[in-house]
Number of protein chains: 2
Amino acid sequence: MTTIKDIARVTGVSVTTVSRALNGYSDVNEKTRQKIIRVSKEMNYSPNTHARSLVMNKSKTIGLLVSGLVKSSVKDNFTLQILAGINQFTADSDYDLVLFSTTSTKQREKTYSQLCKERRVDGVIIQGIRTDDPYLLEVVESNIPCVLIDIPINSNTVGYITTDNVEGAKKAVNHLIGLGHKKIAMMNGHEFAFVSKNRLEGFKEALVEADLPIHNEWIVNGEFSEEAAEEKALELLTEHPDITAIFCASDLMALGVMKAAKRLAIDVPNGLSVIGYDDILLASYVTPALTTISQNIYEMGYGAAKQLVHTLEEGAEPNVITLGTELKVRDTTGPCLRR
Amino acid sequence: MTTIKDIARVTGVSVTTVSRALNGYSDVNEKTRQKIIRVSKEMNYSPNTHARSLVMNKSKTIGLLVSGLVKSSVKDNFTLQILAGINQFTADSDYDLVLFSTTSTKQREKTYSQLCKERRVDGVIIQGIRTDDPYLLEVVESNIPCVLIDIPINSNTVGYITTDNVEGAKKAVNHLIGLGHKKIAMMNGHEFAFVSKNRLEGFKEALVEADLPIHNEWIVNGEFSEEAAEEKALELLTEHPDITAIFCASDLMALGVMKAAKRLAIDVPNGLSVIGYDDILLASYVTPALTTISQNIYEMGYGAAKQLVHTLEEGAEPNVITLGTELKVRDTTGPCLRR
DNA sequence: ATGAAAGCGCTAACAG
DNA sequence: CTGTTAGCGCTTTCAT
């Protein structure tokens with residue numbers, strides 16, 4: 001493997017000069033530079049990033065801590081879109097991405113800061129960890145720049161990007177209210193997700209603003225899982241047949257709800273309106289097509305990477321980015337036919 | 001940032017002993033080791049992988065060169081499943097993954113071996129590059145262990161994992177023939193994909209074995225794109241209305257074909273049988289649900305990682321893995337109602 | 001404009 | 001069982 005030493009030998013200059021020439025410093029004779037560049041090409045030279053990282057104390061890498069890189073979560077390609085967005089931005093930067101593959105077992109072995117320190121990543125992007133994840137504390141305590149996706153924590157090294165979940169949820173519920181629904185339930189995720197908290201807030205706000213009562217027993221947790229949501233919806237709809245609409249905190253859970261409705265022979269949307277959240281790929285392909293709140297997931301990834309690199313390059317403090325949402329009316333919501 | 005030097009100072013031993021103690025060498029006094037371990041924990045020590053890589057000349061990282069980490073390819077989450085499989089395996093190994101984000105622009109700047117050499121990756125997994133990609137040559141010439149996904153190239157450093165595409169295609173076509181179809185067209189991908197080549201081969205073999213003629217004008221390329229396939233199918237079905245079934249080299253293209261059929265008011269499966277390939281997520285969710293050849297994409301990723309790590313650890317020569325396929329009969333294929 | 005020398009944090013002979 | 005020393009490939013003062 002060619003090193004700058006080899007190039008120095010061949011060109012007859014010192015390693016210092018080679019280093020400077022290759023890194024574009026100005027204080028190198030143009031002729032010398034040309035020669036060095038030519039030789040390094042001939043010798044097929046590539047700099048050793050490890051050596052460089054070691055001395056420069058930065059690695060030009062961004063650590064990625066994402067959930068959803070497991071078999072079970074192939075259905076909601078949320079993670080893929082996040083990755084695509086991140087990748088799109090970093091491809092044009094000179095940062096590379098390292099995927100921290102953290103299974104639950106491994107996670108117990110290595111702390112967050114160990115993960116980062118070992119690889120000396122310059123910054124981190126985190127998505128999909130729960131609010132009760134011990135890593136979260138470390139992120140704040142550590143002084144490694146970090147951008148969180150959908151986790152509202154902000155410090156002088158930590159920023160985040162999210163969508164307006166309160167507003168999104170309100171939009172969804174107002175859509176149902178506008179269709180005449182008054183008995184609206186909510187299929188939430190779980191208590192360890194910030195988005196759940198916010199979407200619940202939006203749900204309640206919308207009801208209150210419409211002078212509609214809040215039935216706590218109509219708010220259930222489907223764990224962001226299609227199967228769990230199906231079971232929970234089955235119970236809910238059996239016990240409270242007067243419910244005419246359900247707002248779901250994720251599309252996957254909305255699919256579960258629709259399955260439950262089918263099992264109970266309830267027609268969607270005529271017997272029950274269902275609205276989801278996320279606008280995952282499947283939303284527009286299932287039958288009937290799912291009405292949902294669309295968020296630009298790709299954009300979140302892109303924005304996270306952009307924000308992080310900006311922080312890294314400019315030393316700017318990371319801040320907060322909130323993206324908008326959009327109501328996509330499809331075929332699972334319709335006018336309330338009961339009173 | 002704590003280094004072994006610091007630990008050596010505090011514990012009163014040499015850096016060598018610290019290094020040996022921490023790396024589990026046997027020739028260290030157990031008491032000394034315990035002390036060193038205790039202190040390194042107290043001081044929150046993490047080894048610097050860059051320093052280690054530099055001296056050991058290996059990095060414990062695997063480079064990932066995948067397509068489909070772009071906005072446009074979110075529909076077929078092939079890449080996500082590959083990544084999930086790879087991740088699943090490497091999570092339990094001590095390898096980390098680095099994502100080479102290679103846009104077309106960047107690709108022209110850096111050669112494959114530059115990419116690998118800079119990061120000193122120990123091995124590479126490649127998916128989704130075309131047969132005319134210049135990187136492919138480099139892969140073979142380079143002496144970095146590599147496992148290719150769906151690209152049949154084999155050398156003493158390069159192995160691959162794939163499914164039996166000839167057999168898979170035959171299975172699909174035989175299914176159609178079994179339903180009485182005799183006028184079967186093929187929507188292929190493009191000439192720069194190995195899978196296309198093989199699936200075409202299987203298609204032809206199946207026809208020949210059934211004593212059916214091969215109409216070359218019934219074989220068209222949809223570029224693995226839903227839109228292109230729709231247009232091509234539109235032409236094909238307009239010009240050759242006697243076609244009763246189409247075998248598509250990917251599910252995405254099958255969706256395009258179904259759209260074309262809809263535009264031409266041809267009922268699927270009664271007026272036209274359509275069979276896809278891949279069994280992507282959407283296949284089972286569209287209406288009518290798509291009959292297709294299922295391949296275990298997750299398993300391919302897992303197998304690729306397993307094979308590569310095995311090569312890396314044991315120094316074994318990479319070899320060839322061929323996975324089976326499975327016919328999933330759904331609702332887009334039915335008996336031939338014409339003659 | 002160029003070079004000598006030091007050092008980033010670690011491992012690996014070699015010596016004791 | 002432990003320490004000394006050298007060196008991985010690179011950047012960076014500090015001289016010249």
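The model shown is predicted, which means the values in this text are computed figures rather than measured ones. Each chain gets a letter, A, B and so on, in the order the sequences are listed, and its residues count up from 1.
At the phosphate of D:dC10, neither OP1 nor OP2 sits under 4.0 Å from any side-chain N or O atom of A:Ser19. At C:dC8, none of the side-chain N or O atoms of B:Asn48 fall inside 4.0 Å of OP1 or OP2 (strictly under the cut-off). The side chain of B:Ser53 places no N or O atom within less than 4.0 Å of a non-bridging phosphate oxygen (OP1 or OP2) of C:dC10.
For NZ of A:Lys117, the number of neighbouring non-hydrogen atoms (other residues, nucleotides, ligands) closer than 6.0 Å is greater than 12.
Comparing D:dT2, C:dA4, C:dC10 against the side chain of B:Pro47 picks out C:dC10 as the nearest. The side chain of B:Leu54 sits closest to D:dC8 out of D:dT11, D:dG3, D:dC8. Here the side chain of B:Met56 is nearest to one of C:dC10, D:dT12, C:dT11, namely C:dT11. Side chain of B:Ile4, nearest nucleotide from C:dC10, D:dT12, C:dA1: C:dC10. Side-chain proximity of B:Tyr25 to C:dT11, C:dG3, C:dA12: nearest is C:dA12. Comparing C:dT11, C:dG9, D:dC10 against the side chain of B:Arg52 picks out C:dT11 as the nearest. Of the candidate nucleotides D:dG3, C:dG3, C:dG9, C:dG3 has the atom lying nearest to any side-chain atom of A:Ser14. In this structure, the nucleotide among D:dT11, C:dT2, C:dA12 sitting nearest to the side chain of A:Val55 is D:dT11. With distances taken from any side-chain atom of B:Ala51 to the nucleotides C:dC10, D:dT11, C:dT2, the minimum falls on C:dC10. Comparing C:dA13, C:dA5, C:dT11 against the side chain of B:Thr16 picks out C:dA13 as the nearest.
A:Asp27 comes within contact range of at least one nucleobase, with a heavy-atom separation under 4.0 Å.
Salt bridge A:Lys60/A:Asp94: present, at least one basic N to carboxylate O contact under 4.0 Å.
Between B:Val139 and B:Cys146, the shortest heavy-atom contact is CG1-SG, 3.6 Å.
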